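Working notes, structure below.
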Amino acid sequence: MEVLKSRLIVRPRDAAATTAFYRDTLGLAVEREFPGGTVFFLGHGSLEVSGAGETGSSPDLVLWLQVRDLAGTLADLKAKGLEPVRDAQREPWGLDEAWIADPDGTRIVLVEVPEGHPIRTDTR
């Protein structure tokens with residue numbers, strides 16, 4: 001199988017609130033909009049918010065977002081009124097992680113790969 005593009009599709013209970021969260025609170029860039037949905041750039045993939053969900057978030061679904069500066073990202077989000085579900089901490093596997101949630105409760109893990117970690121390839 002050759003994958004050319006990937007996209008995670010979220011079916012929110014409140015599309016307007018969830019779209020505003022990803023666009024305004026997290027500041028994700030809009031890739032495209034269409035009647036009934038918005039697609040956001042998400043690193044090498046995309047996040048589509050469209051349709052209407054019935055059950056809300058599942059604890060089995062986690063959105064993993066790598067950021068360059070976790071402390072700065074958390075400070076920006078707190079300034080916008082978003083309190084983390086769990087503040088940043090170094091995990092046993094060596095990554096710095098903090099947890100936030102979207103309006104439906106979808107857990108979002110914000111990750112910074114610290115200097116010297118084996119998966120860090122960007123030296124900035």
Side-chain angles (χ1 to χ4, degrees):
M1 172 173 71
E2 181 182 9
V3 177
L4 301 178
K5 178 119 170 108
S6 64
R7 181 180 307 170
L8 172 67
I9 299 174
V10 174
R11 302 276 190 232
R13 287 181 285 182
D14 182 340
T18 301
T19 299
F21 172 81
Y22 287 106
R23 182 191 59 228
D24 304 331
T25 304
L26 295 191
L28 298 181
V30 173
E31 183 176 334
R32 69 184 185 92
E33 296 176 294
F34 56 92
T38 303
V39 180
F40 297 95
F41 284 106
L42 202 60
H44 293 290
S46 301
L47 173 70
E48 178 180 320
V49 177
S50 65
E54 297 176 13
T55 60
S57 178
S58 165
D60 298 331
L61 174 68
V62 178
L63 184 57
W64 192 92
L65 303 177
Q66 183 179 343
V67 297
R68 190 173 308 281
D69 175 10
L70 184 56
T73 298
L74 285 173
D76 291 345
L77 293 173
K78 287 178 181 180
K80 294 178 180 179
L82 180 68
E83 286 300 318
V85 173
R86 194 195 78 184
D87 276 316
Q89 65 183 48
R90 174 88 26 109
E91 298 296 343
W93 43 90
L95 299 176
D96 296 333
E97 297 184 3
W99 301 347
I100 61 173
D102 77 4
D104 278 329
T106 300
R107 188 173 56 167
I108 301 167
V109 180
L110 301 176
V111 178
E112 180 179 341
V113 180
E115 192 173 324
H117 192 280
I119 69 169
R120 185 174 181 130
T121 57
D122 187 339
T123 58
R124 287 181 278 173

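The first residue in the sequence is number 1, and the count goes up from there. Every value quoted in this text rests on a predicted model; they were computed, and no experiment measured them.
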Any chance CD of E54 has more than 12 other-residue heavy atoms, nucleotides or ligands included, within less than 6.0 Å? no
Those residues at least two apart in sequence (or on a different chain) that pass salt bridge (Lys or Arg N to Asp or Glu O under 4.0 Å) with K80 are none
Residues at least two apart in sequence or cross-chain that pass side-chain hydrogen bond (donor to acceptor under 3.5 Å, both in side chains) with S57, listed by chain then number, are T106
Residues at least two apart in sequence or cross-chain that pass side-chain hydrogen bond (donor to acceptor under 3.5 Å, both in side chains) with D87, listed by chain then number, are K78
### Query
Is any side-chain N of the basic residue among E31 and K5 closer than 4.0 Å to the acidic one's carboxylate O?
yes
The remaining residues in the hydrophobic cluster of F34, counting side-chain heavy-atom contacts under 4.5 Å among Ile, Leu, Val, Met, Phe, Trp and Tyr, are V39
Heavy-atom nearest pair, P114 first then G94, reads CG-O, 3.1 Å
Using a 4.5 Å side-chain heavy-atom cut-off and chaining through intermediate ILVMFWY residues, the residues clustered with L65 come out as L8, V10, F21, Y22, L26, L28, V30, F40, L42, L47, V49, L61, L63, V67, L70, L74, L77, L82, I100, I108, L110
Sorted by chain and number, sequence neighbours left out, side-chain hydrogen bond (donor to acceptor under 3.5 Å, both in side chains) with E97 holds for W93
Q. Is Q89 atom CD crowded by more than 12 heavy atoms from other residues, nucleotides or ligands, each under 6.0 Å away?
A. yes
dist R11:CZ -> D104:CG (nearest 0.5 Å) comes out at 12.5 Å
Here the pair of heavy atoms bringing S50 nearest to G37 is CB-CA, 3.9 Å
| Note, V85 side chain near R107 side chain (heavy atom, < 4.5 Å) | no
Tightest non-hydrogen contact, residues G51 and P12, listed as O-CD, 3.9 Å
Rounding to 0.5 Å, atoms CD (E33) and CZ (R23) come to a distance of 7.5 Å
OG1 (T25) and CG (D76) are apart, to the nearest 0.5 Å, by 12.0 Å
